[in-house]
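Accompanying notes for the structure given below.
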Amino acid sequence: GAVVSQHPSWVICKSGTSVKIECRSLDFQATTMFWYRQFPKQSLMLMATSNEGSKATYEQGVEKDKFLINHASLTLSTLTVTSAHPEDSSFYICSARGGSGGANVLTFGAGSRLTVL
Amino acid sequence: DAKTTQPPSMDCAEGRAANLPCNHSTISGNEYVYWYRQIHSQGPQYIIHGLKNNETNEMASLIITEDRKSSTLILPHATLRDTAVYYCIVRVARDTGRRALTFGSGTRLQVQP
């Protein structure tokens, strides 16, 4: 079935540095990918919609200059957290259309846990 | 997407059936019922979806009432690995590639040994 791979699965960085998270669709093409963020004991919150070959669409309250999204190919979207601060520590998850349930299903990556010291 | 209501938590004994309810009284005729689950520290996992007929796959069964205002996800023989948060989401199927899923608070299922 369709697989969405995220890398790294966890990362620790110092405050002020930038971190890149990759999301790949391994056996299918994804013109659209979605990025979510999840804080402890909370549900997933959509951050942005990543569109291949065009600019991402960000949800209200999400800083586009801080969370840079690049979707340069049909199988890869990247999220870069720039000048990370401790409040950016979170679980970041991507998803793309396609999966064992067919075209009307979203498949999610395993997530990337970011800890900013 | 139609609003859904789920109990915040449920317990189930290992080996027994887990029946997770979901109310969606404002569901439209072209909206499907989707179920996903999230095991701790993992991404959500698709389980099953349906429109109006009952559905079954290798993971679970989905029972949708005749008026479509509620549904039940059934895990026939729950194991400890089924401990997770289960999300019931109602939406139009063709929106899948265009709009992200909106997650509520779901039901936290704890399978007890």
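First the proteins, then the strands, lettered A, B, ... as listed; each starts at 1.
In terms of hydrophobic clustering, with Ile, Leu, Val, Met, Phe, Trp and Tyr side chains grouped at heavy-atom distances under 4.5 Å, B/Trp35 and B/Ile89 are assigned to different clusters. Cluster annotation: A/Ile21 is not connected to A/Leu26 through the hydrophobic network of ILVMFWY side chains, with a link wherever side-chain heavy atoms come within less than 4.5 Å. Cluster membership for A/Leu79 and A/Val62, using ILVMFWY side-chain heavy atoms within less than 4.5 angstrom, is shared. B/Ile63 and B/Leu75 fall into different hydrophobic clusters, where Ile, Leu, Val, Met, Phe, Trp and Tyr are joined by side-chain heavy atoms under 4.5 Å apart, directly or via other members. Hydrophobic clustering (side-chain heavy atoms under 4.5 Å, transitive across Ile, Leu, Val, Met, Phe, Trp, Tyr) groups B/Ile27 together with B/Leu62.
Of residues 81-94 of chain A, those residues with a non-hydrogen atom less than 4.5 Å from any non-hydrogen atom of chain B are, in numerical order, A/Phe91, A/Ile93. Residue-level contacts of residues 36-60 of chain A with chain B, in order of numbering, are A/Tyr36, A/Gln38, A/Ser43, A/Leu44, A/Leu46; threshold 4.5 Å between heavy atoms.
A distance of 13.5 Å separates CZ of A/Phe108 from CD of B/Gln42, quoted to the nearest 0.5 Å.
In B/Tyr32, the OH atom is not crowded: 12 or fewer heavy atoms of neighbouring residues, nucleotides or ligands sit closer than 6.0 Å. A 6.0 Å sphere centred on NZ of A/Lys20 holds no more than 12 heavy atoms belonging to other residues, nucleotides or ligands.
Looking only at distances, a side-chain donor or acceptor of B/Tyr36 sits under 3.5 Å from a matching main-chain atom of A/Leu106.
Counting heavy-atom pairs closer than 4.5 Å to chain A, the top-ranked of the candidates B/Arg108, B/Gln45, B/Gln38 is B/Gln38.
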